[in-house]
Visitor: 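Dumping the structure here so I can ask a few things about it.
Counting starts at 1 for both ligands and their atoms, following the listed order.
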Amino acid sequence: MELLTLRSNRNGLKGEIEVPGDKSISHRSIMFGSIANGMTTVTNFLLGEDCLSTISCFRKLGVLIEQDTQKVVIYGKGMSELQEPKDILDVGNSGTTIRLLTGILAGLHFHSTLIGDSSIGKRPMTRVVTPLREMGAKIDGREEGKYTPLSVRGGNLQSITYRLPVASAQVKSAILFAGLNADGITTVIEPVPTRDHTERMIQRFGGKISRHENEIQVEGGQKLLGTEIHVPGDISSAAFFLVAGCIVSNSSITLKNVGLNPTRTGIIDVLQSMGASIDIQIDAADAFEPTGTINVMSSKLKGTVIEGEIIPKLIDEIPIIALLATQAEGVTVIKDAHELKVKETNRIDTVVMELKKLGADIQATDDGMIITGGTKLTGAKVNSHGDHRIGMMLAIASQICEGEMILENVNAIAVSYPAFFEHLHILSN
Ligand code: S3P
């Protein structure tokens with residue numbers, strides 16, 4: 001277990017960084033590149049462990065993928081040319097890899113087995129297994145398909161109309177991938193909109209997909225063509241420095257090339273409603289995935305209520321928003337976020353447990369948390385619990401703690417942001 005000792009920041013965080021490529025988009029660029037015909041070139045690919053797991057799985061399915069730092073070239077031959085893997089497909093810590101990949105494998109006439117780490121072993125797979133079985137795939141797994149290991153024997157899929165029981169882009173995407181390989185038109189109905197990177201990417205690869213309100217339709221049998229993808233910076237990674245800029249005194253941080261897809265920008269709405277000094281310049285609003293430059297400065301904040309349709313737009317940012325709320329005047333309530341319980345850790349429990357160790361006034365509720373702000377945090381021994389976003393939230397907390405913090409299990413951060421401490425160091429000088 002790797003430990004790191006962190007001390008508070010006295011001079012403010014200042015300067016400019018470019019956050020790493022978006023995790024969701026990096027995964028999808030490999031998946032679509034692998035099922036398309038022809039070469040796909042991906043730049044600014046995220047070299048986090050999760051996305052490297054996706055590359056490794058597609059190599060095992062027979063796809064030639066060259067990777068040289070952040071540039072990846074995929075030589076796709078079409079969905080039907082993916083080959084039966086001789087080995088188990090190991091997704092590591094990545095929920096996006098296992099859920100989306102299962103959607104692809106559901107349409108292929110061979111057998112495969114998927115596993116992941118101990119966190120993946122606790123995450124619910126029924127949400128993808130149920131609709132994919134309904135489409136005709138044979139999928140089994142521990143406790144009748146609730147958990148990994150999963151085994152898939154796919155092929156002969158029928159289209160379905162499926163109303164998602166939970167707002168999940170991973171489940172929507174798994175069904176859309178399967179729909180591309182099914183007879184007829186597959187319809188997915190979302191309870192509230194979730195991130196739409198899969199839909200954007202189908203179009204980018206020359207495919208057709210339509211959306212009417214919360215209903216998304218895709219036709220099976222479409223041929224996708226290789227393309228070029230430049231991955232925007234990950235707003236979920238930027239979020240740590242957006243919050244750091246607000247809560248560390250004397251700070252002014254500029255983040256460049258941040259992805260600003262409107263299905264992901266809930267954190268910006270929350271920062272604005274809490275009174276943050278934040279300035280955004282959009283690069284090109286009509287891009288495949290819009291991006292921009294964000295500047296944030298130390299701010300006087302007030303509590304807020306976060307609930308309803310905004311939740312999927314900031315679900316991964318809730319750990320760092322909880323830290324933000326500890327520094328705001330008044331109470332912040334986060335509701336409708338049951339999904340936090342089935343992320344890399346139960347993030348209601350891990351956020352509350354670790355922030356309490358630092359002296360925060362925070363209570364868990366059944367679907368979120370209640371935080372009373374204005375607390376001076378003090379250093380303590382804390383733990384990421386193997387969850388990258390908990391690790392980064394705590395590392396940002398260390399910047400405002402009185403006294404030293406010892407962060408256990410710090411290596412988890414490499415899952416989505418291997419350069420995190422390097423960037424923190426750049427801003428600290
Ligand atoms: C993701 C969707 C979200 C998010 C995860 C990445 C994706 O999960 O929490 O980190 O890439 O589709 P759900 O769709 O299950 O909420």
Visitor: Tell me the contacting part of Arg195 for ligand 1: side chain, backbone, both, or neither, using a 4.0 Å heavy-atom threshold, strictly below.
Guide: side chain

Visitor: Starting from atom 3 (C) of ligand 1, locate the nearest protein heavy atom and write down its residue, its atom name and how far away it is, to 0.1 Å.
Guide: Lys343 NZ, 3.8 Å

Visitor: Counting only nitrogen or oxygen atoms and a 3.5 angstrom limit, does Ser24 reach ligand 1?
Guide: yes

Visitor: Looking at Leu108, Ile104, Leu101, which one forms a side-chain contact (heavy atoms from CB on, under 4.5 Å) with Leu61?
Guide: Leu101

Visitor: Could you tell me the residue and atom name of the protein heavy atom closest to atom 14 (O) of ligand 1, and the distance to it rounded to 0.1 Å?
Guide: Ala169 N, 2.7 Å

Visitor: Nearest heavy atom to atom 5 (C) of ligand 1: which of Asp316, Val128, Ile318 does it belong to?
Guide: Asp316

Visitor: Sort out for me which residue in Asp183, Thr187, Thr186 forms a side-chain contact (heavy atoms from CB on, under 4.5 Å) with Ser159.
Guide: Thr186

Visitor: Suppose the criterion is salt bridge (Lys or Arg N to Asp or Glu O under 4.0 Å): which pairs have a residue in residues 160-177, not counting sequence neighbours?
Guide: Lys172-Glu190, Lys172-Glu199

Visitor: Taking atom types as modelled, is there a side-chain donor on Ser236 or Glu317 under 3.5 Å from an acceptor on the other?
Guide: yes

Visitor: Run His423 and Tyr417 through ring pair (Phe, Tyr, Trp, His ring centres under 6.0 Å) and show every step you take.
Guide: CA-CA 10 Å; His423 286 180; Tyr417 202 161; 5.5 Å; yes

Visitor: Strictly by modelled atom types, are Asp279 and Asn295 linked by a side-chain donor-acceptor pair under 3.5 Å?
Guide: no

Visitor: What atoms of ligand 1 come closer than 4.0 angstrom to any heavy atom of Thr96?
Guide: 1 (C), 6 (C), 7 (C), 11 (O)

Visitor: Can you confirm, on distance only, whether ligand 1 has an N/O atom lying under 3.5 Å from any N/O atom belonging to Gln170?
Guide: yes

Visitor: If you count the atoms of ligand 1 from 1 in the order shown, which ones are under 4.0 Å from a heavy atom of Ile315?
Guide: 9 (O)

Visitor: Holding to salt bridge (charged side-chain N to carboxylate O under 4.0 Å, His left out), I want the full list of residues that pass it with Glu408, two or more places apart in sequence or in another chain.
Guide: Lys381

Visitor: Among all the protein's non-hydrogen atoms, which is closest to atom 15 (O) of ligand 1, and how far away is it?
Guide: Ser168 OG, 3.0 Å

Visitor: Please confirm whether Arg28 approaches ligand 1 to less than 4.0 Å, judged on its heavy atoms.
Guide: yes

